[in-house]
Every structure is written in structure tokens, then in C-alpha cells.
Amino acid sequence: MIRPIVGIALFAAFATPAWAQDPLPEEEFIVKQAIDPGPNLFVYQESLDGPGTIVVFGADTLSMKGTMTSGAFGQMLVEPTGKTAFAQSTFMKRYAYGAMEHVLQIYDVATLTPKSEVILPPKAAMALSYVNLLQHSADGKYVFVQNATPASSITIVDLSAGTVLEELPTPGCWGIYPAATGAGFMTMCGDGSLMSYAPKDGKFVEVATTPAIFDPDVDALFTTGMRVGGDYAFISFKGDVSLVSDADGVPKSSGVFSMVDGVEGGWAPGGYQMVAYSPDLKLLFVLMHSKSYEGSHKNPAEELWAVDVATKKVVGRTPFAGFWSFTVSSGAKPALFGISLEMKVVRFDIDVSSGLSLTQTGEAGLTGYPFLLAATP
Amino acid sequence: MIRPIVGIALFAAFATPAWAQDPLPEEEFIVKQAIDPGPNLFVYQESLDGPGTIVVFGADTLSMKGTMTSGAFGQMLVEPTGKTAFAQSTFMKRYAYGAMEHVLQIYDVATLTPKSEVILPPKAAMALSYVNLLQHSADGKYVFVQNATPASSITIVDLSAGTVLEELPTPGCWGIYPAATGAGFMTMCGDGSLMSYAPKDGKFVEVATTPAIFDPDVDALFTTGMRVGGDYAFISFKGDVSLVSDADGVPKSSGVFSMVDGVEGGWAPGGYQMVAYSPDLKLLFVLMHSKSYEGSHKNPAEELWAVDVATKKVVGRTPFAGFWSFTVSSGAKPALFGISLEMKVVRFDIDVSSGLSLTQTGEAGLTGYPFLLAATP
Amino acid sequence: MIGFLDALLARLDRMTETGARRVAQTSGRRSFLAKAGTMILGGVFLPMLPFDKSFANSGGGGVATGSDPLACDYWRYCALDGTLCTQCGGAINACPPGSQGSSVTWVGTCRNPDDGRDYLVSYNDCCGKSICSNASFCNFNEGERPGYRMAVFNDINWCMANTSVGYHCTVAVLVGLAE
Amino acid sequence: MIGFLDALLARLDRMTETGARRVAQTSGRRSFLAKAGTMILGGVFLPMLPFDKSFANSGGGGVATGSDPLACDYWRYCALDGTLCTQCGGAINACPPGSQGSSVTWVGTCRNPDDGRDYLVSYNDCCGKSICSNASFCNFNEGERPGYRMAVFNDINWCMANTSVGYHCTVAVLVGLAE
């Protein structure tokens, strides 16, 4: 907190107030110490050549609470309680050239302040922001960073030590899917398998590998995966929902069903963060577009579909044009937040009493390349 | 130059061409070694938190030739032949925080490559880009950098040594106006005077100071000055043209006249790079807006006025809405380039056969905060 | 406007034992500003920054006489050049959490349309974060002057004297009456 | 599209003495891609980057079948994700002066509407300068797949293996027929 020019402020008392009302009082210049309490929405605004930013909005109104600054080509991770946030990004000495560092910044959300940072091996994937490229273990001990040189590996950061534990080779695989408990994770591989890893004697080792659960040549899976109870739900380019159980660290398929069989119009999933699961509503939501074609898998949505994973049925569809990423908050009355082509984040109330309908209840402007968002209590 | 995948390229010869025409030939992947010859237009696209860029356009068509990358809060300088460019800007270790460097980058324009850089005292003015905040001496030996801490000083870079010669205190003064020959320069001071400096025994020393040639409390001068023969022409907020001779390093007023006396409509100059002089046309051009008021001095133009400095007369006016910066190229048929509100740079042919008229002959899109431009042969 | 500068100088006078203005009058404004330049490291002055597309979109120009601190034309913003902290998680007198308040600032004099009084406004930059591009970029220049009058120059990053010089946004703090 | 991936693998086969595809079939694609990951450091593959406002403004989606290398929908850009070097002082196969060519790339297979043939296209990033935001940002995804198929993944900066990793723009170099 800084008190400016006391001299001037005092002088105001001597001013000549021959007015009907008293003059406005002098003010103090302060720095707000912490954000207002309440649930938050985090949007990562990626930059391709300067600082990317994590923007924090109040989840109820989308009023802005502040930002946390990262570097370029970044990924964001928000810990489930919403108290700590992470960004992994690239810093160059001359912004576009010169000595390069890959850095994991660790922020205190309440004060929007970087608490510490970990210098990473200079191998992190300088990718678009995706949910499963920066993750942490369920026990909170490790942060996992997806690398690409372009050979694939995962940097494992020991959070309590604040250092890099190791770089784990994961050739041909992509994405990090933490186990529900403990320190393990899965990754998705180009031969259609999933492999799991867990720590043993201070190093991460391979635990198990599924047989091929999908064929990337026939119908690829998106790498954004959602935990649905004891399973991960993955969505395929052509509209399947593929469930993978990772109980005990041993991944295995627990079923596949189609969202689009028997549906007219050539509907298919598409976008970036294009799937979300609400444990409260027990529904999986997916961004869908019609007249799909080879290469349309990142097209923005035309509709949002609600899927009951238990009954394997699409139980609701609603217009949702122009959105490429979205998420759903937790709680008794979850809200839905989407990022649209119009460079806005929009808040919706969700009504699933009869099918699916959305009511817009807020919006805020975005900047940069916003692909990733997270809602916290 | 990089030759990609020769294996694949050779394989193409085995393809099955049962076609009417031959397939397109394989290509080589190259890096273009140099820009095409011809006159150029340089626009500095300032950034407030990442890399700023010098964009180089062909002056004839405004087709883009390439860019040179600098840092944040930058200034641009292009040496008169157009062969060397400079940028002074700010680099921070974490882009928005952390260790900070002020750097002068020196570029070879033909290859759009940074040739060298000079680390400056961390005092450079992190200002909007203005012509007279980064200048070099007429003899090409020194580059001058305007500092603000906020106390004002000028860093003098010895180009042949590639080092900082000294930091010259210039309290209360602003802007760098090189002498027509030699290594000296003037600066404009808040008491209405101009002070001149020149090197003596290896250090820059004060040479002379004018009496007050303007009263900033009554009618301030813009700090963008244009050389008109042996004079500098400065424009005042209220529409005066103030001429200052700097012959022999001793600045003195060589006359003041008004552009707006007797003109209806409350016209006044305004913008950023809001004045240009064409030695070929012997005309001074100024961005003008009507209904001026206190604080309108950065408003974009409504008209461009042409002033004959010799006769002290406005000899032409033409619509020029939305432009806040512009310049005029040299040569027998000078062209005029303006930066507009619409984030475009626009090229015009100039016709002064009867008053002043402009014909648009090209345009290109801009990004960032573009306030500064320079045309070279 | 002349009144504004006089008022500014009068107020700055009170801040120095020797009377900066008398110094300024006897030895020239440069000396005054040199003195001010030192002085402000602990105090007044302010931050200013360029406009951009959001300014460009506004069409440029105009006068700040409004009553909404979330809007560019709020009366206190009569000489503000930058993004609004009120839209970035801060407040009219408060930097957003996690940013640094600028240690040097510029002052403007703006008329409150509600009471007709002229107030002295300190425009402090908030520093150490990337620019808050989610907010409106606003630009008004009442009383603004070039860098030879540094105390009233707004085309510069007033985070210049902070440990982190990144520019984030700008507040407009009332510091008293200008009369 | 399946044909595309087969064609890609077939071509990559020819690039290795041992036959990468046979390895891939016997020991899994991961091994294949690990091999490819090493291989590409001297050769193929490519660069890809996200879309932004210029993409946003385009409305998203569509197919690249045009004939103008200065336009997003030029046929060779069927799997390009980035800014066009053709608009930045480069050419369809040339980085702009002063940039570095990426040492790793990705390939796409695009149909030339003039001769009906499918061509293999190497999308090289140009590196070491800030992004060429003056150019159009284009995004087509024919044959694009997630990062577990790194050879055809375009949501990543393919300047990754260069000495300067700044992303500037992307070229689309014809490297042969895809049939």
C-alpha cells in the first residue's frame, strides 16, 4: 500500500468550499490484497509470442477478479480447490529469439501472486492449451508436464521439493490422465493403447498397458479426457464415447457406445476443450457440429449434447453455436461456461428437467488465444 | 537453406501419373536471403507487454517484405539510406516482471537480421513511439536514447565502439533533434527554451541555450520536429509553426507564424507523428482536426494541411480522416503514408498542382500500437 | 487549462520546504522539473500509456464527463491513458491483487460534473503483470503535455521506477481539490 | 483420410532402411513414432499453431480448395495451422528473410484442384521472430490427428527443435505426390 502525496491531500482541507455540498474526500491509493471470495472461473489466454495470462472471473457474474502472468505457448492447471494455479510456458531472452527457458510457475490464487517457479528441461510441448498436457497427481505431490522434442516424454515435478524428479520417455504417446488416487497416471498412445505409470522406489515405472482400445486410422480419440467415476471418458472424432477404467492403475476398456448412431445430419464432436462431465448432474456434455467431414474435428460447435453415460443415451441437445471450449462447475446447481468464436466467455444456467436447455447469465471479453478454462468452488 | 525429406521427394518419381499433365514438381524449402530491392516503408508496431515489431513494406505497393523483432515499450530509428535500423526497447525475464534490460538492437535491413545489440542503462523512456525519442547524429557516430526515471537524461551510444559513451543529464527537457552535420543535437525544455549539446574532448557538453521560444502554459509545442533546411519546424498545440535554426550548434528562433489565424472552425494540429516535411515539394504537412479543445491534441486528423514555410501560408487542405501518424517519402514524386484508426497503413499519391489532393494507392493491415513510421529510398 | 498547471505547481509548492515554484521561476522550469523528478519518487505524478485497438474502435477524442468508473468517459479519467483497473479486478483507487502500485505518478485536474468542482487526480499505474487487455483502453488528454513537462506527460509507462516495470492498468485516485 | 495416413506411413517406410512401418506393426505404433521422432530431426514433419481472432473472424471450419497462395483456403493449406509466410515477406516454399527454417515439420496430404492429384505437403515453420500478426491466421485440419500421432499433429510450435523457438509463420512446400 502506498500513500501518495500527503502534502497535497492535506492541502485539500484549506480549499475554498463555498459549495452546497462538501467536496469528495481524499482517497488512499492501495493495492487490493486478495480477490473477493467465492467460486471462480479461470480462462487461460495463450500467447504465441509474449506473456499469456490466466484470467480469473467470479463464477457467478463473470466480473473480473484479476490475472496471473505466464510466458508464451503456455498450459494452465488449477488445483481442484481453486487455491493454487500453475502455468507452464516458454520465456525467451529476446522474446522471439535467444536463450530459452521452460518454466512452471506456481501461483497463490487468493493473492494472484507467483509463489515459486521450477525451471523445466527445455522440452515442454509448446502446444495449444489442452487440459491433459499439464496435470498433477491426485495426491498433490507431482505435476506432470507433456514434452515434445518432437519425441514425446513427460517431465515429473516434485512439488514438495520444488524440483524436477525425472523426465519419463513416453514415445508415441500423448496426454496425462491422473489416477483417481495416489500418484499414478495414464497416457494415450498412437497404437490405440493406454499405458499407466506409477512411482516405485522414487522413480516412475510402467505399470500396465491396455490392448488397443481404438484405432487412430479408423476413428481417433480426442486427447481431452474426463473422469467419470472410476472411468475416464474419451470422445472419438466420429462420435463414440469410450470408457476406460483405471482402477488399481491397470487401465482397461469398460465400454464404447456411439452418440450419433441413427442420428441424421452428419453430427460429430469438435473443438478444443470439447467435453465436460458433471458429477452432480451425472451427465457428459459434448460440443457437436453437423455435416462433419475429414478435418472438421476442431470446428466450433453448433449444438451441445448431454449424454447419460449409465444408459449410453443422448438425453438432451441444445443450440450452442460458435463455442470451441467449455466446462461445467460443480455443486448443486452447476453452471456452464463456454468460450466462443466471438472471443467471449459466456455463462449459462443449465436446465436438464426436460432434455437440455441453457440460459445465458453472463459474459466477458477475452483476448489472446483462449482455449482452456476451469471452474473451481 | 534446408532440404526436407529427400526420400519422399525422390519417391514422387515412382508415382503413377496416368494424367493428362505432369504432376507439379517437388520444391525446395528455403529461407529467403534478402528482401527485394526498392524503397521501403517501416512501421513500428509497439507492444506494451511482448515483442514489438518493425514491419517493412515495399513503398510502392505496401506488400510486406518482413519484420524485425524488438521488445516492449519500444522506439524505432531507421538510418536515412534505409540500410540499418535500430530499436530501443525493454526485455523482462518473465515478460511482465523480473530482471529488466533496456536494449538497443541494431538490424541489417537487407537481411532483416539483428547485427548486434547494446545493453543500455535501465533508464530508457518506456514511452509511446515518437520520432525524436531515438535519434542518431548526422555523422552516424552516435545514437541518442531518451531516458526518463522520471528524471530526464539522454544515453549516448558510440556506434563504432558498440558501447554506451555516457548518460547526459537533461533535466526538464525532452526530445532529441540532431544537428544537420556533425554529432551535436538539441533538446526541448519545459521552460520554453532549446538547449544544444556537442562532443568536446570525448564528452558531450552544453553548447548554447535559447531564450524561451514558447510558453508551455500558453501554447505547448509538439515534440515531433521536422528539419526544414537549416531550421527545425515545430508545431504548437494551437496551430503555430515555430522555426528554430540550429546552425553552428547555436539554436535560435527564426520565426513563428500561425496556420489557423483567420480560419473558421476551431482547427488545431493533433496526433502522434503529426507533421512531415517534403524537401522535394518544399511543403510542410500537418494533421489537423476541427472543433479543437483542451486535450484534443492527440485526436486523429480530419484533414491534412500543406504549408509553404517560405511564404508562411497554408496552400492546401484535403480530407484525411482518422489518421494519427504519417510521413512523406523523398524523391521526385513523393508518396504519403498514413496510419489510421482502422489499424491500417495507407499509401497516397500527392497532387499539389492545385492546392492539395491525395489519391489512395495502397494499404496494409497493422497490429499492436503503431504510431511511428519512416520511408527510405 | 493554464489554471490547471498553475494549480498543479501551487500544490507542488506545498510539498517542498524551499518552494519548488519559486525555484522554477528563478532558475527555469527545467530545474523545477529536475527537482520534481527526484521528489516524485516518493509521491505524486502518474502513469500513462498509449491507446490501441480498443481506443481505435472508440474513434478517438472526446471529453470525460460520465459517472461510471467502469467506462472510459468517467469524469476522473479526463487525463487517463491506459487500461482501467476498475475492469481488471481493482477499483478506482486500488490496484488488482498481485500487482504493484507505481511509485511515481502523474496528476490530472478533472471536473466532477456532480458538484462542479475541479479535483486533483493521481493516475497510478499498477505494475508487474502483463497489460490487462481484457479491459477497455482509454485515452483522454485534458491538461496532458509532452515529456518536457514530465509531471503531466501521459505517453509513458509510469511503472518506470518500480522493481517490475510491466504495465498492467491504471487507477485514478482523488487527492484533493484543485482550486 | 485413412488412405492419407496409409500413404504417409508408406512414404515414411521408404525413408528408413529397416522399414519403419513393419516395426510399427510388430512392436506397436509407439515404437514407430519414437523412431520417427528421431528421424524427423533431419527431415520431414511440420509446424502447427493455433488460430486466433483472424480465425475467429473467419467463422471457423471449411475446406481448402482455392488457388491463391495468399489466401487461407489455398489448396496446399489443407492442414496448415498458422500465419501465412506468403503474406509476411516469404513465399510458398520460403521463409521471410532473417527467420530460421524449422528443422522439424509435419506433412499433410492435399488435393490439387487443378490436376486432381493428392500431394504431400511439408509445413515448415519459420522461427526466431515474433508471430507475423500482420498476416492471416489460417486453420485447416485435413488429416490432422492428436499428439499421439506427432507426425500429423498441428496444435504445436514446430520451431521446437530450433535454436530460436519463436514462431513467425508457416510455409507449405510440395515434396511429392501422395499416391
Side-chain angles (χ1 to χ4, degrees), chain A residues 2 4-5 31 44-56 66-76 85-108 111-120 122 124 126 150 343 367-369, chain B residues 2 4-5 31 44-56 66-76 85-108 111-120 122 124 126 150 343 367-369:
Chain A
I2 293 161
I5 38 170
V31 175
Y44 188 65
Q45 299 178 150
E46 188 169 0
S47 164
L48 303 186
D49 66 358
T53 52
I54 299 174
V55 191
V56 184
T67 68
M68 295 170 277
T69 303
S70 74
F73 307 114
Q75 305 293 329
M76 170 184 79
F86 303 85
Q88 174 276 307
S89 63
T90 304
F91 293 93
M92 279 171 271
K93 188 173 185 190
R94 291 294 172 254
Y95 290 9
Y97 65 94
M100 180 266 273
E101 281 186 319
H102 281 162
V103 180
L104 178 71
Q105 289 164 301
I106 305 172
Y107 308 90
D108 176 55
T111 57
L112 300 178
T113 303
K115 293 191 293 187
S116 62
E117 61 180 40
V118 180
I119 308 295
L120 304 171
M126 295 182 282
M343 296 299 284
T367 183
Y369 295 71
Chain B
I2 294 161
I5 39 173
V31 175
Y44 188 65
Q45 300 177 149
E46 188 169 1
S47 164
L48 303 187
D49 65 358
T53 52
I54 299 174
V55 191
V56 185
T67 68
M68 294 171 279
T69 303
S70 74
F73 307 114
Q75 305 294 330
M76 171 184 79
F86 304 85
Q88 174 276 307
S89 62
T90 303
F91 293 93
M92 280 171 271
K93 189 175 184 191
R94 291 293 174 255
Y95 288 9
Y97 64 94
M100 181 266 273
E101 281 186 320
H102 281 162
V103 180
L104 179 70
Q105 289 164 301
I106 306 172
Y107 308 91
D108 176 56
T111 58
L112 300 178
T113 303
K115 293 191 292 188
S116 62
E117 62 180 40
V118 180
I119 309 295
L120 303 170
M126 296 184 281
M343 296 299 284
T367 184
Y369 295 71

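Throughout, protein chains are lettered first and strands after them, A, B, ... in sequence-line order, and every chain is numbered starting at 1.
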TODO: Check whether A:Thr90 gets within reach of chain B through its side chain, its backbone, both or neither, counting any heavy atom under 4.5 Å.
DONE: backbone

TODO: Show your reasoning for whether side chain to side chain contact (heavy atoms under 4.5 Å, CB included) applies to A:Phe91 and B:Arg94.
DONE: CA-CA 7 Å; A:Phe91 293 93; B:Arg94 291 293 174 255; 3.6 Å; yes

TODO: Sort out for me which residue in B:Ser70, B:Pro51, B:Ser89 forms a side-chain contact (heavy atoms from CB on, under 4.5 Å) with A:Tyr95.
DONE: B:Pro51

